[in-house]
Amino acid sequence: MIKNKAVDVISTFSESELKEFYLYLDSPYFNSNKSLIKLFNEIRKALLAEGAAKLTEELLYGKIFKGKKFNYGIMKNLMSELFKQAEKFLVININNNTLKETNQQILLLGELDKRKLDDNFRHAFAKTKDRISEGKISPGYYQELCTLYEAAKDYNINRSNINEYSSSVLNIIEHTFPHIISILADAYAIQFTAEHSANYKPETDLVKEFISRLNIKDFTRFIENSALKNKKDILIRLNFIELLSGSSTDEVYYKLCDIVFMNTAIYSNQMLYTLINNYLLLYAEKRASEGSAEFFVEKFSLLKKMFTLVKMNSDGVGYIFLSSYLDTVLSGIRLGETEYVSLFAEKFKKDVDPSVRDVAYRLARAYIFAAEEKYELCLKELARTGQADFHIKLRTKFLYLKCCFELNMFEQGFSMLDSFKKFVADTRELHPDFRKKLNDSIKIYSILFKISSSPERYTAQKLDEHIAFVKASAASPKDWYLGKLDELKKKYY
């Protein structure tokens, strides 16, 4: 394929974008070079026919300038101009397709002010203000109102209208405060996730230091007794900051849940997802990971509410992450809600990231079949599950081992354990703690296979030693391993 910046950019265009780019080039306002349109048409035809690999500059030149000898300079200039136009088109298309109508109107207000079109400005301002104020609270809600009143402030000061100017300033201040609080809450959530998921801490934790110097409880009580606009939303942000700052944690969490779920109607789909996923689930997952059975149940309850209330892959919310999809399935299985997760896996598979959708669905079904003790069906699903990444490989290997154990497929189990040991030993990306956890699990499976296949070689005392090892190990799921060893002890000893 021809190596050229213009072709590189254009080859990323969708079929609809190729049509739009043709209309762009065909407009005299943007382009007056007819040869450029011909050049693009030839590239587009090749891309749509999957024949781009055969493109050369000489071939393209011959189609544009029929019968003329190839001129490197002319072709170079044409390609350079096409590249510039392709980049300009991307910027214009982003503005047309992703810049919200509200933001476009705010940009328009600035132009109307400069051109002294006062009636147009006042009409556009009132219309935009009503649209924002009457809409649901979204991630950019307060920032949009601040920017809108900034435009009004500039307009009124240029016309010496001090009363309207002062009113605009007060409105800016009124909406700046909840905007700052929401930024702080979101920053706290991101930093909290980084700290607890990746063990990453900044050298100087400015957010934490700032929050620690505020009396959040006292300020929250002040807000509760005030008559502020958007009071409920401000209280949610303040309670979340208090939650992560570590004071009266569980009590604050349940208080926060009550406020969020009593006020879902005031939020956009995207904002509701943020509140549940980035605020409530963040804390529930932390408490569950610390071993709280209460919060393991609470986490699953939150996941169910989120998937009921939030439209996934719609209205500002993206695809479901593979980890979230599988976490919901595994949490439900652990809590005995296999029927719910079976319906969930079917209903929401279309909303999973397309690049891992089939893998997620196959693996979810494999887990469900294993929970229902349909191990042959589980193995069939595993055979059809693509090895998308390192974590999927680990999940499938452990499920294979479980099926082999339950089906008394000892020979296959021992063979898989050997390859698993080699995989863990050779994989450099493993953290030492995680490597130990995997090696402990492999050792326990080896014990289970050996006792099940040759029980006469083991005594009750030896089995007790293995049980003690499991209890002291880093392996997971520890309850399942101990349960199986207890079954073997009762069966043979």
Side-chain angles (χ1 to χ4, degrees), residues 288-289 291 293 296-297 326-327 329-339 341-342 363-383 385 391-425 430 433-493:
S289 68
F296 188 86
V297 175
L326 292 178
D327 189 27
V329 170
L330 289 170
S331 298
I333 288 171
R334 182 172 165 183
L335 292 170
E337 297 205 33
T338 311
E339 186 177 347
V341 295
S342 295
L363 192 50
R365 279 172 58 84
Y367 276 122
I368 292 164
F369 283 137
E372 294 172 341
E373 299 184 2
K374 299 174 182 176
Y375 300 110
E376 290 90 350
L377 292 175
C378 177
L379 286 172
K380 285 182 180 179
E381 286 295 342
L382 288 176
T385 303
H391 298 286
I392 296 298
K393 287 178 183 177
L394 288 179
R395 288 177 182 273
T396 54
K397 284 177 185 294
F398 276 118
L399 259 183
Y400 267 118
L401 287 172
K402 183 175 183 177
C403 290
C404 287
F405 175 76
E406 297 289 1
L407 295 171
N408 295 326
M409 296 165 58
F410 303 128
E411 187 177 339
Q412 293 93 324
F414 284 123
S415 175
M416 182 160 289
L417 281 170
D418 288 339
S419 65
F420 204 170
K421 285 177 190 174
K422 189 174 186 309
F423 173 78
V424 172
L430 292 174
D433 293 343
F434 190 46
R435 192 187 303 276
K436 183 182 185 314
K437 184 177 181 179
L438 291 176
N439 282 324
D440 283 354
S441 296
I442 291 169
K443 183 177 178 180
I444 294 165
Y445 261 112
S446 181
I447 290 167
L448 288 172
F449 281 120
K450 286 176 180 178
I451 295 173
S452 296
S453 60
S454 307
E456 69 282 355
R457 297 182 181 180
Y458 291 84
T459 63
Q461 182 183 351
K462 190 67 175 174
L463 201 56
D464 285 336
E465 289 175 10
H466 289 319
I467 291 171
F469 168 75
V470 174
K471 288 179 178 178
S473 74
S476 178
K478 201 172 286 189
D479 290 346
W480 185 82
Y481 294 138
L482 290 170
K484 290 302 169 184
L485 284 169
D486 190 54
E487 285 176 17
L488 292 171
K489 186 176 181 179
K490 289 175 180 177
K491 182 176 180 181
Y492 297 116
Y493 308 106

Asks: Under the salt bridge (charged side-chain N to carboxylate O under 4.0 Å, His left out) rule, collect the residues that match up with Lys374, sequence neighbours excluded.
Replies: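 Counting only residues at least two positions away or on another chain, Lys374 forms a salt bridge (charged side-chain N to carboxylate O under 4.0 Å, His left out) with Glu372.
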Asks: I need the minimum non-hydrogen distance between Glu381 and Ala366, along with the two atoms involved.
Replies: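 Heavy-atom minimum between the residues: CB-CB, 3.9 Å.
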Asks: Can you tell me if Lys380 has over 12 outside heavy atoms packed within less than 6.0 Å of its NZ?
Replies: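 Count not over threshold, so no.
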Asks: Quick one: pull up CG in Leu401 and OG in Ser441 and give me the separation to the nearest 0.5 Å.
Replies: 9.5 Å
Asks: With a 4.0 Å cut-off on N to O distance, would you call Asp433 and Lys437 a salt bridge?
Replies: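 No.
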Asks: Can you confirm whether Cys404 sits close enough to Phe414 that some side-chain heavy atom of one is under 4.5 Å from a side-chain heavy atom of the other?
Replies: no
Asks: Using the ring pair (Phe, Tyr, Trp, His ring centres under 6.0 Å) criterion, which residues pair with Phe398? Sequence neighbours excluded.
Replies: Phe420
Asks: For residues Ala364 and Leu326, report the shortest heavy-atom separation together with the two atoms involved.
Replies: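 Closest approach of Ala364 to Leu326: N-CD2, 4.0 Å.
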Asks: Under the side-chain hydrogen bond (donor to acceptor under 3.5 Å, both in side chains) rule, collect the residues that match up with Asn439, sequence neighbours excluded.
Replies: none
Asks: Rounded at 0.5 Å granularity, tell me how far OG1 in Thr396 sits from OH in Tyr400.
Replies: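 Those atoms lie 7.0 Å apart.
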Asks: Considering residues at least two apart in sequence or located in another chain, which fulfil the side-chain hydrogen bond (donor to acceptor under 3.5 Å, both in side chains) criterion with Glu337?
Replies: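 Per chain and number, Glu337 pairs via side-chain hydrogen bond (donor to acceptor under 3.5 Å, both in side chains) with Lys304.
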Asks: Please tabulate, for the side chains in residues 463-472, all donor-acceptor contacts under 3.5 angstrom to protein atoms that are two or more places apart in sequence or on a different chain.
Replies:
{"residue": "Asp464", "atom": "OD1", "partner": "Lys489", "partner atom": "NZ", "Å": "2.6"}

Asks: With side chains defined as the heavy atoms from C-beta onward, is the minimum distance between Thr385 and Leu399 less than 4.5 Å?
Replies: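 They are not in side-chain contact.
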Asks: Give every donor-acceptor pair under 3.5 Å between a side-chain atom in residues 443-455 and any protein atom, sequence neighbours left out.
Replies:
{"residue": "Ser452", "atom": "OG", "partner": "Leu448", "partner atom": "O", "Å": "2.9"}
{"residue": "Ser453", "atom": "OG", "partner": "Phe449", "partner atom": "O", "Å": "2.7"}
{"residue": "Ser453", "atom": "OG", "partner": "Lys450", "partner atom": "O", "Å": "3.3"}

Asks: Output every pair passing salt bridge (Lys or Arg N to Asp or Glu O under 4.0 Å) with a member in residues 394-419, not counting sequence neighbours, ordered by first then second residue.
Replies: Glu406-Lys484
Asks: Tell me every residue that passes side-chain contact (heavy atoms from CB on, under 4.5 Å) with Thr459, counting only those two or more places apart in sequence or in another chain.
Replies: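 In terms of side-chain contact (heavy atoms from CB on, under 4.5 Å), with neighbours along the sequence ignored, Thr459 is linked to Gln461, Lys462.
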Asks: Does any non-hydrogen side-chain atom of Phe296 lie less than 4.5 Å from one of Arg334?
Replies: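 They are in side-chain contact.
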Asks: If I compare all heavy atoms of Ile368 with all of Ser342, which pair ends up nearest, and what's the gap?
Replies: CG2-OG, 3.4 Å
Asks: Identify the heavy atoms of Val341 and Val329 that sit nearest to each other, and give their distance.
Replies: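 The pair with the smallest heavy-atom distance is CG1-O, 3.6 Å.
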Asks: For Lys436, enumerate each residue passing the salt bridge (charged side-chain N to carboxylate O under 4.0 Å, His left out) test, keeping only those at least two apart in sequence or located in another chain.
Replies: Asp440
Asks: Please evaluate residues Leu379 and Tyr375 with respect to the criterion side-chain contact (heavy atoms from CB on, under 4.5 Å), reporting the C-alpha separation (whole Å), side-chain torsions for both, the decisive distance (0.1 Å), and the verdict.
Replies: CA-CA 6 Å; Leu379 286 172; Tyr375 300 110; 5.7 Å; no
Asks: Residues two or more places apart in sequence or in another chain: which of them pass side-chain hydrogen bond (donor to acceptor under 3.5 Å, both in side chains) with Lys491?
Replies: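 Residues passing side-chain hydrogen bond (donor to acceptor under 3.5 Å, both in side chains) with Lys491: none at all.
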Asks: Does Glu339 have any side-chain hydrogen bond (donor to acceptor under 3.5 Å, both in side chains) partners at least two apart in sequence or in another chain, and if so, which?
Replies: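 side-chain hydrogen bond (donor to acceptor under 3.5 Å, both in side chains) list for Glu339, sorted by chain: empty.
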